[in-house]
Trainee: 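There's a structure below that I have some questions on.
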Amino acid sequence: MTLSVLAATSLVATALGHQVSISVDASSSLGPWTPIHRFYGCDEPNYAYYPRGSALLRELGDIGKDQTFFRTHNLLTTGEPGLVGVPGLKWGSTNAYTVDDNGNPTYNFTIIDDIFDHYLAGNVKPYLEIGFMPKALAVDPDPYFFDFDPEAGADNIYTGWSHPPKSYERWGELVYKLATHLVDRYGVDEVNEWYFEVWNEPNIPYWNGTTKGFYKLHDYAINSVLKALPTARVGGPDLAGGADDSYLGDFLEHCAHGTNYATGEEGTPLDFISFHSKGAPLFVNSAGDVVEDGASDGFVQMNVSTQLQEVDGAFSVVASFPQYKDTPIIMGEYDPDSCAACTSSAYGYRNGLLYGAYSAASFTRAMDLAANHGVNLQGALTWAFEYEQNAILPNETGYFDGYRVLSTQGIDKPVLNFHRMWGMLSGDRIKAESSGQVPLDVVLSDGVRGDQADVGALATFDNDAQALYVFVWHYHDNNLDFPDAKVSVEVEGLPATFSNKHGKVTATHYRVDDNHSNSYAKWLSMGSPQDPTPEQYHELVRAGKLATLGAPKSVHVSKKGTVSLDFPLPIRALSLLVLEKGDGSCSP
Ligand SMILES: *[C@@H]1O[C@H](CO)[C@@H](O)[C@H](O)[C@H]1NC(C)=O
Ligand SMILES: *[C@@H]1O[C@H](CO)[C@@H](O)[C@H](O)[C@H]1NC(C)=O
Ligand SMILES: *[C@@H]1O[C@H](CO)[C@@H](O)[C@H](O)[C@H]1NC(C)=O
Ligand SMILES: *[C@@H]1O[C@H](CO)[C@@H](O)[C@H](O)[C@H]1NC(C)=O
Ligand SMILES: *[C@@H]1O[C@H](CO)[C@@H](O)[C@H](O)[C@H]1NC(C)=O
């Protein structure tokens with residue numbers, strides 16, 4: 001369908017209204033809610049101890065009742081002399097491993113400690129990626145450093161750090177030294193809660209070696225971790241994709257029955273399975289043709305089906321291994337596009353509402369696909385953090401400058417409020433059916449491209465907290481106008497004890513839209529200042545927090561135990577309704 005037809009259809013739909021009924025049954029438990037969203041990460045380890053980085057870590061640690069984890073590249077990477085520990089785009093360093101004048105290893109975990117101290121101070125635990133190759137250990141180290149160009153993309157970055165070690169014994173010893181150091185410093189109980197995984201995306205040029213070479217790298221590292229801490233949680237392989245070729249299945253086969261390169265025994269312990277999945281946005285015109293960056297007739301078109309097809313393929317591989325069917329799966333990167341530090345018009349979804357709405361649609365579908373395959377999805381990691389001024393990037397980062405980040409210059413972006421909403425969900429997932437939700441098989445094969453957008457719902461009920469949560473999203477792949485959805489939510493099956501003596505419950509409506517929880521809209525309304533006044537800055541920081549649509553309300557529960565709530569939901573907006581036991585103090 002062409003977009004002119006689409007626009008005409010939308011006008012008709014506006015006139016008629018896009019009516020959506022959502023029915024929620026509090027008594028229909030589907031099992032415990034799995035908070036898959038509470039994993040984050042980035043290429044650049046060193047921002048963890050920069051002021052805004054550590055503040056953002058604390059916000060992530062605070063995001064919900066469940067533990068937050070953080071994954072980063074470059075924990076073992078070597079820094080340029082004079083710039084050790086200074087971040088750059090897609091870059092970071094710790095100098096954990098160097099050699100002395102006689103070529104003997106010298107270990108220094110000071111910077112890694114600083115990074116993890118800041119995680120733990122923010123109530124965040126490491127999802128620890130063991131990599132990349134220190135300069136003094138790489139088989140082919142030169143060139144090692146690079147300058148990354150955000151507009152040119154990631155082609156020039158695969159330098160010496162991506163190479164295999166000169167000596168696998170030394171690689172194993174480095175990992176053993178690191179793991180024993182971490183256990184000494186943080187204690188067995190703490191480190192037992194972390195995840196350990198080796199390298200990043202070994203099936204693409206991040207690893208300049210063979211597949212068998214990666215197994216060897218993996219086995220040596222995992223063996224060293226387990227020698228230091230036999231109860232550590234270990235897994236992998238954090239590969240790019242997971243569906244396209246036989247890589248994931250071959251790796252699982254190696255872990256199940258292969259000869260372990262480090263021990264010579266059969267198999268490699270595997271406590272969790274990790275792979276990545278990314279969408280593929282384009283900048284297109286109304287005929288659907290890709291247009292030049294910044295073209296006036298262009299708009300962003302997301303491709304959620306790309307991402308979901310990868311997930312679906314990888315889940316079917318995992319499901320085909322009976323011994324791994326129940327093994328926790330962490331999608332170690334799960335994003336709408338594939339390069340956080342790149343900028344282009346196709347990535348224009350990152351500042352505004354589209355990032356959160358897309359995340360709602362794609363995270364929910366990943367959970368639905370896991371249920372269909374009978375696999376155990378535990379995490380979907382958002383590869384986005386923040387950038388701030390430093391010796392390498394004194395001026396390169398500005399306000400809302402187009403990177404895939406959660407906060408910009410200390411101002412939270414709207415997408416972070418999607419995460420805050422999911423952080424509030426607790427208890428059991430319960431049945432929630434929306435007449436406006438595009439069916440899973442359609443989203444998987446075609447994305448959300450039709451004339452009606454996707455108005456979906458999910459709900460949880462927390463019996464201990466006596467709270468019911470209904471989350472509603474409104475998403476379309478095309479970043480165009482669509483009519484508001486006229487949403488009616490009907491909740492049934494509330495326990496009799498839930499309402500107060502006046503037959504009321506308290507309803508709080510959290511909202512992300514143009515006027516709520518949206519620092520970007522606020523910044524645009526100020527005229528997009530790159531040098532905001534202190535007053536403007538504080539207003540932007542406030543606008544970045546999760547807000548409610550009005551004050552909490554006291555609502556009536558019918559004799560049958562049902563509650564009805566109606567509201568319009570603009571395109572790309574998110575709503576979270578929280579119903580709590582009325583305390584009797586609200587006026588009836
Ligand atoms: C270890 O690394 C830190 C941070 O780079 C540095 O300040 C310190 O001097 C190093 N220690 C030794 C013994 O080289
Ligand atoms: C691996 O490294 C060599 C340089 O040592 C380079 O020529 C080659 O392109 C690299 N391979 C990949 C896949 O990046
Ligand atoms: C969206 O992704 C699917 C699956 O990868 C692909 O077949 C399709 O061509 C993509 N659509 C566009 C417009 O790029
Ligand atoms: C660039 O960054 C430096 C260091 O923070 C700052 O002093 C300077 O004013 C900046 N220059 C511009 C043009 O923004
Ligand atoms: C946002 O506020 C403006 C002005 O107050 C209003 O016209 C608009 O309808 C509001 N939009 C939403 C989504 O609430």
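Indexing begins at 1, ligand by ligand and atom by atom, following the structure's order. Along the sequence shown, the residues carry numbers beginning at 1.
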Trainee: Taking 4.0 angstrom as the limit and counting only heavy atoms of Leu282, give me the atoms of ligand 3 inside it, by number and element.
Mentor: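 Per the distance check, 14 (O).
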Trainee: So Tyr168 and Tyr261, ring-ring contact (aromatic ring centres under 6.0 Å, His included) or not? Walk me through it.
Mentor: CA-CA 10 Å; Tyr168 280 88; Tyr261 282 90; 8.2 Å; no
Trainee: Within the 4.0 Å heavy-atom shell around Arg449, which atoms of ligand 3 are there?
Mentor: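 Close to Arg449: 13 (C).
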Trainee: Measure across Pro281 and Met302 and return the closest heavy-atom pair with its distance rounded to 0.1 Å.
Mentor: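 Result for this residue pair: CB-SD, 4.0 Å.
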Trainee: Heavy atoms under 4.0 Å from ligand 2: which residues qualify?
Mentor: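 Within 4.0 Å of ligand 2, protein side: Asp140, His163, Pro205, Asn208.
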Trainee: If we only count N/O pairs under 3.5 Å, is Asn303 in contact with ligand 3?
Mentor: yes
Trainee: I want to check a possible cation-pi pair here: Lys413 against Tyr355, using under 6.0 Å from ring centre and within 45° of the ring axis as the test.
Mentor: no
Trainee: Give me the atom names and distance for the closest heavy-atom approach of Phe148 to Ala341.
Mentor: CE2-O, 3.3 Å
Trainee: So that I know where these two stand, are Phe251 and His218 an aromatic pair - ring centroids less than 6.0 Å apart?
Mentor: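 Between Phe251 and His218, the centre distance is under 6.0 Å.
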Trainee: Report yes if the distance between the aromatic ring centroids of His419 and Tyr40 is under 6.0 Å, otherwise no.
Mentor: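 For His419 and Tyr40, the ring centres are under 6.0 Å apart.
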Trainee: Got a salt bridge between Glu333 and Lys278, using NZ or NE/NH1/NH2 to carboxylate O under 4.0 Å?
Mentor: yes
Trainee: For Ile111, which part has a heavy atom under 4.0 Å from ligand 1: side chain, backbone, both, or neither?
Mentor: side chain
Trainee: State the atoms of ligand 1, each with its element, that fall below the 4.0 Å cut-off from a heavy-atom position in Asn108.
Mentor: 1 (C), 2 (O), 3 (C), 8 (C), 10 (C), 11 (N), 12 (C), 14 (O)
Trainee: Using a strict 4.0 Å cut-off to heavy atoms of Ser305, name the atoms of ligand 3 that fall inside it.
Mentor: 1 (C), 2 (O), 3 (C)
Trainee: Quick one about Tyr220 and Glu169 (side-chain donor to acceptor, distance below 3.5 Å, no hydrogens or angles considered), yes or no?
Mentor: yes
Trainee: Quick one: does Thr306 get an N or O within less than 3.5 Å of an N or O on ligand 3?
Mentor: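 The answer is yes, given that Thr306 and ligand 3 share an N or O pair closer than 3.5 Å.
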Trainee: Would you kindly check if the NZ (Lys) or CZ (Arg) of Lys227 is within the cone defined by 45 degrees around the ring axis of Tyr176 and under 6.0 Å from the six-membered ring centre?
Mentor: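 Yes.
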